[in-house]
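Single-structure report; data block below.
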Amino acid sequence: VQLQASGGGLVQAGGSLRLSCAASGSIVRINVMGWYRQAPGKQRELVATTTSGSNTNYADSVKGRATISRDNAKNTVNLQVNSLKPEDTAVYYCNAEGLTIKGIAVTNFASWGQGTQVTVSS
């Protein structure tokens, strides 16, 4: 399963951004889709996730500022972040976990997108 992320770029502090991610391939079901980020010199961290049942989970650092949404029919996930701060600067990665078909078998998958840079200027 492949993930293609888009969006990001250079944004002023206080501004907003919207990231999108589309999954493609032999998808049986996607259980969880989400966004993670990695700032220079830091470990990759969770930003937000959403399940197929639309349960959501947010990092404390973005709660109240971020909204994750998902289209199960299109296998897409979006992340809207408002009131951006310089500390939101990072490479943002899309993630998906679920079931795929390999040969004649159904098996688990966990995929990452290619990463998209978000830079927030002060």
Side-chain angles (χ1 to χ4, degrees):
V1 175
Q2 297 79 42
L3 302 181
Q4 182 66 48
S6 60
L10 177 61
V11 185
Q12 283 194 332
S16 300
L17 66 81
R18 182 179 177 85
L19 303 177
S20 298
C21 177
S24 62
S26 299
I27 299 169
V28 174
R29 183 177 72 237
I30 299 179
N31 295 324
V32 182
M33 296 190 84
W35 291 92
Y36 292 72
R37 67 187 182 187
Q38 187 167 17
K42 295 187 176 182
Q43 290 188 333
R44 191 172 298 187
E45 62 178 10
L46 177 146
V47 178
T49 59
T50 178
T51 68
S52 57
S54 297
N55 293 314
T56 58
N57 180 43
Y58 294 94
D60 288 342
S61 58
V62 300
K63 275 182 182 176
R65 301 189 295 122
T67 302
I68 189 169
S69 59
R70 175 176 171 174
D71 186 327
N72 290 328
K74 296 182 179 179
N75 292 323
T76 59
V77 63
N78 299 309
L79 179 71
Q80 175 84 23
V81 184
N82 302 319
S83 303
L84 283 163
K85 306 174 182 179
E87 50 263 44
D88 292 319
T89 295
V91 177
Y92 284 69
Y93 295 91
C94 175
N95 172 268
E97 298 177 10
L99 296 175
T100 183
I101 297 175
K102 283 192 176 180
I104 60 171
V106 175
T107 186
N108 294 314
F109 79 89
S111 297
W112 291 92
Q114 80 278 18
T116 183
Q117 177 70 47
V118 172
T119 302
V120 183
S121 62
S122 57

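In this chain, residues are counted from 1 in sequence order.
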- Task: Using salt bridge (Lys or Arg N to Asp or Glu O under 4.0 Å) as the criterion, list what pairs up with Lys42, not counting sequence neighbours.
- Result: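 Once residues adjacent in sequence are excluded, Lys42 has no partner under the salt bridge (Lys or Arg N to Asp or Glu O under 4.0 Å) criterion.
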- Query: Which ILVMFWY residues can you reach from Leu46 by hopping between side chains whose heavy atoms are under 4.5 Å apart?
  - Reply: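 Its cluster mates, by chain and number, are Tyr36, Val91, Tyr93, Trp112.
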Return the minimal non-hydrogen interatomic distance between [X] and [Y], and the atom names on each side.
| X | Y | result |
| --- | --- | --- |
| Gln80 | Ser16 | NE2-CB, 3.7 Å |
| Gln2 | Gly25 | OE1-CA, 4.0 Å |
| Gly8 | Leu19 | N-CD2, 3.1 Å |
| Pro86 | Ala13 | CD-CB, 4.2 Å |
| Ser83 | Arg65 | O-NH1, 3.1 Å |
| Thr51 | Arg70 | C-NH1, 3.1 Å |

With sequence neighbours left out, what residues match [X] under side-chain contact (heavy atoms from CB on, under 4.5 Å)?
| X | value |
| --- | --- |
| Ser69 | Asn78 |
| Arg29 | Asn31, Leu99 |
| Ala48 | Tyr58, Ile68, Leu79 |

Distance from [X] atom [atom1] to [Y] atom [atom2], nearest 0.5 Å?
| X | Y | atom1 | atom2 | result |
| --- | --- | --- | --- | --- |
| Asn57 | Thr49 | CG | OG1 | 4.5 Å |
| Gln4 | Ser20 | CD | OG | 11.0 Å |
| Gln43 | Gln38 | CD | CD | 8.0 Å |

- Same cluster or not: are Leu3 and Val32 linked, directly or through other Ile, Leu, Val, Met, Phe, Trp or Tyr residues, by side-chain heavy atoms under 4.5 angstrom apart?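 No; Val32 is not reachable from Leu3 via cluster members.
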- Query: Do Ser24 and Val1 touch side chain to side chain, with heavy atoms closer than 4.5 Å?
  - Reply: no
- Query: Tell me, do Ser26 and Phe109 make a side-chain contact under 4.5 Å, heavy atoms counted?
  - Reply: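 No, their side chains stay 4.5 Å or more apart.
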- Message: For Ser52 and Asn72, which I'm curious about, is there any donor-acceptor pair between the side chains at under 3.5 Å?
- Response: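 Asn72 and Ser52 do not have a side-chain donor-acceptor pair below 3.5 Å.
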- Message: Looking only at side-chain N and O atoms, does Arg18 offer a donor or acceptor that is under 3.5 Å from a partner on Thr67?
- Response: no
- Query: Ion pair present between Asp88 and Lys85, side-chain N to carboxylate O less than 4.0 angstrom?
  - Reply: no
- Message: Is it the case that over 12 heavy atoms from other parts of the model lie below 6.0 angstrom from the CD atom of Glu45?
- Response: yes
Test your reading of the model: is there a side-chain donor-acceptor pair from [X] to the backbone of [Y], 3.5 Å cut-off?
| X | Y | result |
| --- | --- | --- |
| Thr56 | Thr50 | no |
| Thr89 | Val120 | yes |
| Gln114 | Ala5 | yes |

- For side chain to side chain contact (heavy atoms under 4.5 Å, CB included), just list the numbers for Leu17 and Leu84, CA-CA rounded to whole Å, side-chain angles, deciding distance to a tenth of an Å, and then say yes or no. CA-CA 8 Å; Leu17 66 81; Leu84 283 163; 3.6 Å; yes
- Message: One pair to check against side chain to side chain contact (heavy atoms under 4.5 Å, CB included): Arg44 and Arg37. What are the steps and the verdict?
- Response: CA-CA 5 Å; Arg44 191 172 298 187; Arg37 67 187 182 187; over 6 Å; no
- Message: According to side-chain hydrogen bond (donor to acceptor under 3.5 Å, both in side chains), who are the partners of Thr107, at least two apart in sequence or on a separate chain?
- Response: none
- Go through the steps for Thr100 and Val28 under the test side chain to side chain contact (heavy atoms under 4.5 Å, CB included), then give the verdict. CA-CA 5 Å; Thr100 183; Val28 174; 5.5 Å; no
